[in-house]
Amino acid sequence: MAEVKDIIKEGNLVYKKSKVLTDKIMHYCPGCSHGVVHKILAEVIEELNIQEDTIGVSPVGCSVLAYNYLHIDWQQAAHGRAPAVATAVARLLPNKRVFAYQGDGDLASIGTAEIIHACNRGENIVVIFINNGIYGMTGGQMAPTTLEGMPTSTSPYGRDIAMTGHPLKITELIAQLPAVNFVTRQAVHTPAAVRKCKKALQKAFENIGEKKGTQFIEVVSTCNSGWKLSPVKSNEWMVENMFPVYPMGDIKG
Amino acid sequence: MAEYKLMKGNEVIAEAAIRCGCDGYFGYPITPQSEIMETLMLRKPWEETGMVVLQAESEVAAINMVYGGAACGKKVMTSSSSPGISLKQEGITYIAGAELPCLIVNVVRGGPGLGTIQPAQSDYFQSVKGGGHGDYHLIVLAPASVQEMNDFVELGFNLAFKYRNPVLILSDGVIGQMMEKVQLSEIKPRWTDAEIEKISGTWATTGKKSNRDYHVITSLELDSLRQEKFNHKLIEKYKVIKENEVRFETFQCDDADYVLVAYGSSSRICQKAVEIARAKGVKVGLLRPITLYPFPTKKINEMCSKAKGFLSVEMSAGQMVEDVRLAVNGKVPVEHFGRLGGVVTTPNEVVKALDELIKKGK
Ligand SMILES: Cc1ncc(C[n+]2csc(CCOP(=O)(O)OP(=O)(O)O)c2C)c(N)n1
């Protein structure tokens, strides 16, 4: 039998950690989509060779600490305000590649005004929108994107749309805005989905390099802790329940 | 050669911003300060200096744009009036917590609520005690003339960068709207990337260079002991600010039995009140705090050895008077006088209030 040390050789490498990722251990729950999105984001930044030119804006939510994981300059924004923060960075440093990374509570509830107006101005930024249908950080409360009938800690009997409105398809709303250049909805639950999502990210970062205006990437995501399901079950639940409401694919551009 | 102009206080804020090399202004319209953004839009500084001017969707967005710009080491500012400044408080506390330099202008109007569009000084507490959540302070400058509206823009940016702390110009509807002769500042170019690197290169997010670790601008600290340490760091910073940056002006205080304490437009009214009272034989002077934070506490305390009483004159229900009382520390009587709700105090009303203070002391 071959020794492990004989197997670990350059020629046998099938995976390499991006050098844009730091060595810090991620605080995300096992199975959470945030970690996978961070990974492909780091890979895209490395492959496009834009590490020195990228400035990230992290939100309030589970990914508030995103700045611990990617070797780039970061700003941490107040809850929902990342698009406003990113607006100023992109305008004052027009040759940098600026992105806002936001959850659904951050982007589609408290920060609705900021995202709509940043997109309507066509700010030259990438928006990465992690839609897990729940407030992960604060312990699983209802989000604007929570599905009808879906139980959360503040809708324990399931979301009642007569009381709290419908799941907000903000990505479709944003696609209506003329200054938005690229809108797509992705997921990261299978290797194929991860590859597609990475391609979308790459296109978005290339587009802002060419100053094409706002790039909006929704990633329909799992929150197995909040959903109270195993990681595997969460993926299945997402495909069955989230995808019909939030269908995959490019919406614009 | 010095350049003089007759200008409104609000217009001069815009002019001074362009001239001092401001990189960005982000605002939202509100009376009585809309002329600031209007002047900028008319002047189109982006063609002249490259300064970014943007009308944001709200005051909330505007102050967060300031956060983003300041975090890049840029000279950025916003302006508003009372209701808008209330909305900005979230962003201001994040800016203070992330130790970012910026300039905020409040052209105060009467409140609470939507209140009135007329001048008031009722945002004193909000300005000097913090305003948003958490333990922090702004450096607060109180202009009393259109000239000071001009001068405090550059001073404000200088202090903001010196201490990595937000600076507030606390003005009011009188100073913002009135026209006076003003000597304009010299035109200075905006900082180059190399200058920004020199001034803020240890912390600003300008893109990670290969020769340094990446920079993070944040106000988050989940470890209580580390947060406490940061709170102490802020306290130390404010201590240095208190030692070095107190600014005030005295007017006929040398022989004064009584001292009026007033800032901004009220101090102008009080100058006239001093004249009227002195003509009647009352030995009264005026102390005008120029910085409201740090407050001229020491000076007021020293004045207690001669003064028999203080009258805090402010267009509020009595806010600065609390700081005067703390400075006086019970040694002599301290009273407050001021009209409210957008009504501007008259010099004769001040003299009458002073008479009452004197009578009470007898
Ligand atoms: C002004 C303000 N309101 C509320 C909170 C509490 N809070 C922190 S994270 C969060 C929700 C985050 O949910 P989401 O944006 O969906 O991101 P996730 O954690 O699911 O990734 C809330 C309400 C806060 N930090 N600030």
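The contact between Phe26(B) and chain A is made entirely by side chain atoms (from C-beta outward), counting heavy-atom distances below 4.5 Å. When heavy atoms are compared at a cutoff of 4.5 Å, Ile63(B) does not approach chain A at all. Contact annotation for Arg97(A): neither backbone nor side-chain heavy atoms come within less than 4.5 Å of a heavy atom of chain B. Only the side chain of Val52(B) comes within contact range of chain A, with heavy atoms under 4.5 Å apart. Using a 4.5 Å cut-off between heavy atoms, Ala204(B) contacts chain A through its backbone alone, with no side-chain atom that close. Contacts between Ser210(B) and chain A at a heavy-atom distance below 4.5 Å involve backbone atoms as well as side-chain atoms. Both the backbone and the side chain of Ala78(A) have a heavy atom closer than 4.5 Å to some heavy atom of chain B. Only the side chain of Arg212(B) comes within less than 4.5 Å of a heavy atom in chain A; its backbone stays farther off. Interface remark: Val60(A) contributes side-chain atoms only to the contact with chain B (heavy atom separation under 4.5 Å). The part of Leu65(A) that comes within reach of chain B is its side chain, from C-beta onward, which places non-hydrogen atoms under 4.5 angstrom from that chain.
Between Glu48(B) and Arg43(B), at least one side-chain nitrogen of the basic residue sits less than 4.0 Å from a carboxylate oxygen of the acidic one, meeting the salt-bridge criterion. Under 4.0 Å is where a charged nitrogen must lie from a carboxylate oxygen, and between Arg81(A) and Asp106(A) no such pair does. The pair Arg185(A)-Glu218(A) meets the salt-bridge criterion, with a side-chain N (NZ, NE, NH1 or NH2) lying under 4.0 Å from an Asp/Glu carboxylate O. A salt bridge does not link Lys212(A) to Glu206(A): none of the charged side-chain nitrogens sits closer than 4.0 Å to a carboxylate oxygen.
Interface remark: of the candidates Ala61(B), Gly91(B), Ala98(B), Ala61(B) forms the most heavy-atom pairs closer than 4.5 Å to chain A. Chain A forms more heavy-atom pairs under 4.5 Å with one residue of Thr206(B), Asp23(B), Thr205(B), Leu222(B) than with any other, namely Thr205(B). Between chain B and the options Thr54(A), Ile72(A), Asp53(A), heavy-atom pairs under 4.5 Å are most frequent for Ile72(A). Contact count versus chain B (heavy atoms, under 4.5 Å) is highest, among Asp73(A), Thr22(A), Val85(A), for Asp73(A).
Atom CD of Glu186(B) has 12 or fewer neighbouring heavy atoms from other residues, nucleotides or ligands inside a 6.0 Å radius. Within a 6.0 Å sphere centred on NZ of Lys129(B), other residues, nucleotides and ligands contribute more than 12 heavy atoms.
For His215(B), there are no ring pair (Phe, Tyr, Trp, His ring centres under 6.0 Å) partners at least two apart in sequence or on another chain.
Geometric assessment of Lys203(A) against the ring of Phe182(A) yields a positive cation-pi assignment under the 6.0 Å and 45° thresholds. Both the sub-6.0 Å distance and the 45° axial angle are not jointly satisfied by Lys74(B) relative to the ring of Trp191(B).
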